[in-house]
**Q** 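Take this structure, written in structure tokens, and hold onto it; I'll ask about it next.
Basis for what follows: all heavy atoms, side chains included, without hydrogens, waters or symmetry-related copies.
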Amino acid sequence: MTSRWPRARGLVLTEQLEGGIAQALERSGHIERGEATVLAGVVTAIVHLGVTATNHLDRGGADLLADIRTQINAVIAPRGSSSDPVPATRRGC
């Protein structure tokens, strides 16, 4: 039987990571506190899935990081900005 303590420690680390991401998003000036908290969870999920997905096993670190950055930017970039990688048609705008 596996101990629950490693999972508990992992959850504490995740909570700290999400808190830091939420604070950074709030400091950006275009995301409010409630939205920043939700987006921090989304960013954490993107990172987790990005580094653990089996379809990335053959990719190098730089390629994987670039893919993760693109996905995160698609979620947090101000809509309508020139750095917005998601076309308006895909956002339902």
**Q** CD1 of Ile68 to CG of Asn73: how many Å apart, nearest 0.5 Å?
**A** 13.5 Å
**Q** Please find the pair of heavy atoms, one from Gly50 and one from Leu64, that lie closest to each other, and give the distance.
**A** O-CD1, 3.2 Å
**Q** Ignoring hydrogens, what is the shortest heavy-atom contact between Ala40 and Ala22? Give both atom names and the distance.
**A** CB-N, 3.7 Å
**Q** Which atom pair, heavy atoms only, marks the closest approach of Ile76 to His30?
**A** O-NE2, 3.1 Å
**Q** If you define the side chain from C-beta out and look only at heavy atoms, does anything of Val47 sit under 4.5 Å from Ile72?
**A** yes
**Q** Does anything in residues 38-51 pair up under salt bridge (Lys or Arg N to Asp or Glu O under 4.0 Å), and if so which pairs, sequence neighbours excluded?
**A** none
**Q** Applying side-chain contact (heavy atoms from CB on, under 4.5 Å), name anything that partners Val38, two or more places apart in sequence or on another chain.
**A** none
**Q** Mind listing the side-chain donor-acceptor pairs of residues 10-17 below 3.5 Å, one per line with the distance, residues two or more places apart or on another chain?
**A**
{"residue": "Thr14", "atom": "OG1", "partner": "Gly10", "partner atom": "O", "Å": "2.9"}

**Q** Please report the C-alpha distance between Asp67 and Asp63 in whole Å, then the side-chain angles of each, then the deciding distance to 0.1 Å, and finally whether the side-chain contact (heavy atoms from CB on, under 4.5 Å) criterion is met.
**A** CA-CA 6 Å; Asp67 186 48; Asp63 288 341; over 6 Å; no
**Q** How far does CG of Leu25 sit from CD1 of Ile31, to the nearest 0.5 angstrom?
**A** 4.5 Å
**Q** Tell me every residue that passes salt bridge (Lys or Arg N to Asp or Glu O under 4.0 Å) with Glu26, counting only those two or more places apart in sequence or in another chain.
**A** Arg33
**Q** Have a look at Thr44 and tell me which of Leu49, Ile21, Leu39 forms a side-chain contact (heavy atoms from CB on, under 4.5 Å) with it.
**A** Ile21
**Q** Mind checking what makes side chain to side chain donor-acceptor pair (under 3.5 Å) contact with His48, not counting sequence neighbours?
**A** none
